[in-house]
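Below is one structure, written out as structure tokens, with a few remarks after it.
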Amino acid sequence: MGSVVLNNVRKSYGDVHVIKDVSLTIPDGEFCVLVGPSGCGKSTLLRMIAGLEAISGGEVHINERNVTDVEPKLRDIAMVFQSYALYPQMTVRENMGFALKMAKLPKQEIDNKVTEAASLLGLGPLLDRLPKDLSGGQRQRVAMGRAIVRKPQVFLFDEPLSNLDAKLRTQVRGEIRELHQRLKTTSVYVTHDQIEAMTMGQMIVVLRDGRIEQSGTPLELYDKPANLFVAGFIGSPEINQIPGEIVLNNTHASLLLKDGSLLTLPPNLQVTHGQKVVYAIRPEQVNVVNDAQDDALSATITAIENTGSDMQIFCQTGGGAFTSVFKQRLALQEGETIWLQPRLAGVHVFDADTGMRITAQEA
């Protein structure tokens, strides 16, 4: 097994800086997901770990060994690509054992390793088929099997599920999670899908414009986003964001909305009178109440969506558009005006200029 450590790594193409002084430690045995919007640098960072992309500065360490200038085949990593990259003329067995054959391992040892990996992935009955005779999910499992037989210190996954349909993505996602639980091999997984990141990662690294915005466990990022970007990127449906201005009455803070109404804020926030902020609350952190209250929003329902398990209500409030999600089925109608009461424990407040989270003072 092996940890992965990046020390101030940079990547530039001429005057274009793609990766900007990224430092990151992925502990031994961790499943780390790199997530972010298209063009944020996540695949480039993965390829720098693999040695497929030369770095412009900094160092890459795998299992406490500096591999910055080590060629890919000597880094003891295995990579699973989006495109499967299987040899069409080779059977599943031959594809999975090809790297071992190139390494001149004995035939019996290759057969044993391939059989073991095939059993792990449920590929035993398919070993003599060609890739063209397999489904997309089966091809991706073969690509994973080809990586597993090498027993590397680190697995690298570059958006491996993006070619699969929604049902297959969910299935293979579960298979990769189960595989990691069995093998305990350090894994770095790239995706643009934040649901994929939340359900698979033990550690999530959110990237934007070549920099790390925040890293931590899925719940740390969900419950305590460091800034407005992370708050908006993590979570589905997206977190509600209401711009406003701080009004201080003695030590009590309220949010002045654009329609002139006031909304109660959590206590002890480190804010100043007149400060421009963004109030954020996740759609499921809201209750419907019967009467007007200081900590509730007047909301006119514009649309209702029932998914069976959830009821999504889309509203217009004095602070703008607002989405709420309920597990119970409420007797509500489009056009109706209701009162939405955000749970104060779930309220996040961010500085409008910096986008950074505003914390509460210690009691």
Side-chain angles (χ1 to χ4, degrees), residues 194 198 213-214 216-302 310-328 330 332 336-363:
Q194 55 93 12
M198 290 290 287
E213 291 290 325
Q214 188 176 358
T217 67
L219 289 182
E220 283 172 349
L221 270 61
Y222 191 83
D223 292 337
K224 291 188 176 179
N227 55 47
L228 202 50
F229 175 79
V230 175
F233 191 82
I234 297 294
S236 180
E238 189 174 326
I239 197 168
N240 292 294
Q241 299 181 24
I242 301 176
E245 183 179 305
I246 295 294
V247 174
L248 288 180
N249 182 7
N250 295 322
T251 58
H252 179 71
S254 297
L255 183 75
L256 177 64
L257 304 181
K258 63 183 180 182
D259 70 345
S261 60
L262 292 172
L263 184 63
T264 297
L265 291 175
N268 303 319
L269 286 176
Q270 301 183 68
V271 291
T272 58
H273 186 77
Q275 182 178 356
K276 305 289 187 184
V277 299
V278 176
Y279 174 106
I281 183 77
R282 298 204 179 276
E284 72 278 9
Q285 293 284 339
V286 180
N287 298 319
V288 175
V289 292
N290 295 325
D291 304 308
Q293 298 181 31
D294 290 344
D295 59 350
L297 280 162
S298 174
T300 301
I301 300 174
T302 57
D310 293 332
M311 184 178 188
Q312 290 192 35
I313 301 175
F314 302 89
C315 299
Q316 194 64 36
T317 73
F322 196 98
T323 303
S324 51
V325 176
F326 302 95
K327 289 296 180 185
Q328 68 270 39
L330 304 174
L332 300 174
E336 184 178 352
T337 297
I338 58 175
W339 289 92
L340 295 174
Q341 184 184 55
R343 299 168 199 159
L344 278 185
V347 171
H348 310 276
V349 181
F350 302 91
D351 183 86
D353 294 327
T354 67
M356 298 305 294
R357 179 188 183 87
I358 297 173
T359 58
Q361 293 174 331
E362 295 292 334

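Excluded from the calculations below are hydrogen atoms, water molecules and symmetry mates; all remaining heavy atoms, backbone and side chain alike, are included.
- A donor-acceptor distance shorter than 3.5 angstrom exists from the side chain of N240 to the backbone of I281, with no hydrogens or angles considered.
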>> Pair I246, L265 - check side-chain contact (heavy atoms from CB on, under 4.5 Å), show working.
In response: CA-CA 9 Å; I246 295 294; L265 291 175; 3.4 Å; yes
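- Within the 3.5 Å criterion, the main-chain N or O of I358 finds no donor-acceptor partner in the side chain of Q270.
- The closest side-chain heavy-atom distance from S236 to Q194 is below 4.5 Å.
- Using a distance-only test at 3.5 Å, with no hydrogens or angles considered, no donor-acceptor pair links the side chain of Q341 to the main chain of V289.
- Side-chain contact between V288 and L340 is present, with heavy atoms from C-beta onward closer than 4.5 Å.
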> For D291 and W339, what are the C-alpha separation, side-chain angles and deciding distance, and is it a side-chain contact (heavy atoms from CB on, under 4.5 Å)?
Replying inline: CA-CA 7 Å; D291 304 308; W339 289 92; 5.8 Å; no
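- Taking every heavy atom of both residues into account, C315 and I313 meet most closely at SG-CG2, 3.5 Å.
- Between the S254 side chain and the V247 main chain, no donor and acceptor come within less than 3.5 Å of each other.
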>> side-chain contact (heavy atoms from CB on, under 4.5 Å) for K327 and D310? Distances and angles first, verdict last.
In response: CA-CA 5 Å; K327 289 296 180 185; D310 293 332; 2.8 Å; yes
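- Among R357, R282, K224, Q285, the one residue that satisfies the side-chain hydrogen bond (donor to acceptor under 3.5 Å, both in side chains) test with H348 is R357.
- Within the 4.5 Å cutoff, the side chain of F350 has heavy atoms near those of the P225 side chain.
- Between E213 and N227, the side chains place a donor N or O and an acceptor N or O closer than 3.5 Å (distance only, hydrogens not considered).
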> Run the side-chain contact (heavy atoms from CB on, under 4.5 Å) check on L297 and I242 step by step: do they pass?
Replying inline: CA-CA 11 Å; L297 280 162; I242 301 176; 3.8 Å; yes
